[in-house]
Amino acid sequence: MTPTTENETTPTPDINALREEIDWLDAEILRLVKRRVEVSQTIGAARMAAGGPRIVYNREMDVLARYRDLGPEGRQLAMALLNLGRGRLGR
Ligand SMILES: C=C(O[C@@H]1C=C(C(=O)O)C=C[C@H]1O)C(=O)O
């Protein structure tokens with residue numbers, strides 16, 4: 001590790017700017033989640049109208065795998081997304 005000199009300072013994070021970024025990120029995440037729900041419900045309705053199943057487990061396993069990086073919370077997040085897509089039928 002490089003030794004620090006007396007003149008080196010740790011930069012102070014700009015909390016207000018970072019909070020603005022968080023607000024923006026949350027708005028984007030919400031927009032994307034709402035779109036995901038729409039797409040998932042459209043697929044589900046079309047499949048069921050054609051006599052297919054409500055749930056496709058291998059696709060859902062792929063979705064769960066995508067969030068594995070985030071650990072147990074990733075699983076909860078993926079499950080929440082899947083449940084949102086199921087709407088009232090999934091409850
Ligand atoms: C969207 C689909 O329908 C359902 C919803 C899924 C999802 O929200 O990711 C995945 C699989 C299906 O259970 C699909 O089959 O792709």
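In this text, all values refer to a predicted model and were calculated from it rather than measured experimentally. Below, each value reflects all heavy atoms present in this structure, side chains not excepted, and no hydrogens, waters or symmetry copies. Just follow the structure's listing: the first ligand is 1, and inside any ligand the first atom is 1.
Partners of Glu20 by salt bridge (charged side-chain N to carboxylate O under 4.0 Å, His left out), not counting sequence neighbours: none found.
Here the closest non-hydrogen pair linking Leu64 and Met79 is CD2-SD, 3.7 Å.
Going from atom CG of Asp14 over to atom CD of Glu21 covers 11.0 Å, rounded to the nearest 0.5 Å. To the nearest 0.5 Å, atoms CD (Glu38) and CD1 (Ile43) are separated by 12.0 Å.
Counting heavy atoms from C-beta outward, Arg36 and Val63 have side chains that approach closer than 4.5 Å. Side-chain contact between Ile55 and Arg86 is present, with at least one heavy-atom pair separated by less than 4.5 Å.
Protein neighbours of ligand 1 below 4.0 Å, counting non-hydrogen atoms: Arg36, Ser40, Ile43, Arg47, Ile55, Val56, Arg59, Glu60, Val63, Leu82.
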